[in-house]
Amino acid sequence: MRILVLQHLAAGHPWYLRELMAAAGCTTVTVRLDLGEPLPPLAQCDGLLVMGGVMQVWQEAEYPWLVDEKRYIRAAVEAGKAYLGVCLGHQLLAAACGGDVALARHPEIGVCPVETLPAARAHAAFAAVSTPDRLQWHVAEVVCPPPGFAVLARSQHCAVQVLASGDKVLSVQYHVEADRDTVPSWCAIPAAREALEQAQGADAAENFQRRTLAVLPELQAHARALFGAWLQAARRV
């Protein structure tokens, strides 16, 4: 399985998902779009893993490469490539395929419960029983899913937490890539830490890290189930 990883900032790499891809024998190539690296021909990959970022899908003037990335994502889906999107990657899939993304009325930062919907029962990624806790950090959200996509999960403040088109096109608003170093790395970014503390208080970063570590085994169990089901579907011809 040849997976193309689309990355949008240094701290936005696949983290725990790197371990899962390596264990599964996947070949990976990473493109740093924020550094101006070019997108390869679609024929060179079997699937896309599209990660998170600090930019918004509509900020094309500030990040001109978003135009080509969205066009590339749509072409990949239409060509039958597998797709797994995380946070910004979830929103980019929606925007690329005809959905709408906007600023969230209630940004979600921290560990929040997510409700799996009945539509997810037929999807292998959600067959395993798991806790509802999910890791969140987003200020925008999908407000209208693309035509033909199913919504598989929601939270109190975000109605579209998971999108799916069949078994091998899947995206999640929450972060499934976390390991022990992920949240500390995010909180080490000055602008991110400042925004977090302004929203939740001076001890917000420490609380965020503590809460994430407490539920990390459950978060990673869900990540393994979701990634494993997606990869199995992606490998089917």
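From a predicted model like this one, the values you see are computed outputs, not experimental measurements. Heavy-atom basis, side chains included; hydrogens, waters and symmetry copies ignored.
- In this structure, the side chains of Phe149 and Val162 stay at 4.5 Å or more apart for every pair of heavy atoms.
- The closest side-chain heavy-atom distance from Leu84 to Val50 is not below 4.5 Å.
- Leu196 and Trp186 fall within a single hydrophobic cluster, where Ile, Leu, Val, Met, Phe, Trp and Tyr are joined by side-chain heavy atoms under 4.5 Å apart, directly or via other members.
- Residue Trp15 comes nearest to Ser185 through the heavy atom pair CH2-CB, 3.5 Å, listed as atom of the first residue, atom of the second, then distance.
- Within 6.0 Å of the CD atom in Gln156, the count of heavy atoms belonging to other residues, nucleotides or ligands does not exceed 12.
- Side-chain atoms of Val151 and Val142, non-hydrogen and from C-beta on, never get closer than 4.5 Å to each other.
- Taking every heavy atom of both residues into account, Leu39 and Asp68 meet most closely at CD1-O, 4.0 Å.
- Nearest heavy-atom pair, Ala95 versus Lys70, reported as atom, atom and distance to 0.1 Å: CB-CD, 4.1 Å.
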Take Arg211 and Asp133, measure what side chain to side chain contact (heavy atoms under 4.5 Å, CB included) needs, and give me the verdict at the end. CA-CA 11 Å; Arg211 176 61 174 149; Asp133 291 330; 3.6 Å; yes

Audit row: Glu19, Gln220, side chain to side chain donor-acceptor pair (under 3.5 Å) steps and yes/no: CA-CA 11 Å; Glu19 296 181 31; Gln220 292 189 334; 5.9 Å; no

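- You'll find the side chain of Leu48 stays beyond 4.5 Å of the side chain of Val77, heavy atoms only.
- Looking only at atom types and distance, the side chain of Gln161 has a donor-acceptor partner in the side chain of Gln136 under 3.5 Å away.
- Of all the heavy atoms in Met1 and Leu231, the pair that sits closest is CG-CD1, 3.7 Å.
- Among Glu177, His175, Arg224, the single residue meeting the side chain to side chain donor-acceptor pair (under 3.5 Å) criterion with Tyr16 is Arg224.
- The pair Arg236-Asp167 meets the salt-bridge criterion, since a charged nitrogen lies less than 4.0 angstrom from a carboxylate oxygen.
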Could you give me the CA-CA distance, side-chain angles and deciding distance for Glu115 and Ser155, then say whether side chain to side chain contact (heavy atoms under 4.5 Å, CB included) is met? CA-CA 6 Å; Glu115 176 190 1; Ser155 65; over 6 Å; no

What's the verdict on side chain to side chain contact (heavy atoms under 4.5 Å, CB included) for Leu152 and Thr116, showing C-alpha distance, side-chain angles and the deciding distance? CA-CA 6 Å; Leu152 303 188; Thr116 302; 5.8 Å; no

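- In this structure, the side chains of His13 and Arg18 come closer than 4.5 Å at one or more pairs of heavy atoms.
- Checking each of Lys81, Arg2, Lys168, Arg235 against Asp46 for a side chain to side chain donor-acceptor pair (under 3.5 Å) leaves exactly one that passes, namely Arg2.
- Counting only residues at least two apart or on different chains, the salt bridge (Lys or Arg N to Asp or Glu O under 4.0 Å) pairs with a member in residues 197-207 are Arg193-Glu197, Arg193-Glu206.
- Between Tyr83 and His90, the distance separating the two ring centers is not shorter than 6.0 angstrom.
- Remark: the Thr131 side chain and the Glu218 side chain contain no N/O donor-acceptor pair separated by less than 3.5 Å.
- In terms of hydrophobic clustering, with Ile, Leu, Val, Met, Phe, Trp and Tyr side chains grouped at heavy-atom distances under 4.5 Å, Ile109 and Val114 are assigned to different clusters.
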Phe227 vs Met21, test: side chain to side chain contact (heavy atoms under 4.5 Å, CB included). Steps then yes/no. CA-CA 9 Å; Phe227 178 79; Met21 289 187 288; 3.5 Å; yes

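- Checked against a 6.0 Å centroid threshold, the rings of His8 and Trp65 count as neighbours.
- Between Trp137 and Tyr174, the ring center distance fails the sub-6.0 Å criterion.
- In Arg154, the CZ atom is not crowded: 12 or fewer heavy atoms of neighbouring residues, nucleotides or ligands sit closer than 6.0 Å.
- Defined by atom type and a distance below 3.5 Å, a donor-acceptor pair is missing between the side-chain atoms of Gln91 and His138.
- Heavy atoms only, all atoms of each residue included: Leu216 and Asp179 are closest at CD2-C, 3.9 Å.
- Residues Thr27 and Ile3 are not in side-chain contact: their nearest non-hydrogen atoms beyond the backbone lie 4.5 Å or more apart.
- Within 6.0 Å of atom CD in Gln232, 12 or fewer heavy atoms from other residues, nucleotides or ligands are found, so the atom counts as exposed in its surroundings.
- Between Pro146 and Cys97, the shortest heavy-atom distance links the atoms CB-O, 3.4 Å.
- Val169 and Leu88 fall within the same hydrophobic cluster, where Ile, Leu, Val, Met, Phe, Trp and Tyr residues are linked whenever their side-chain heavy atoms come under 4.5 Å apart, directly or through other members.
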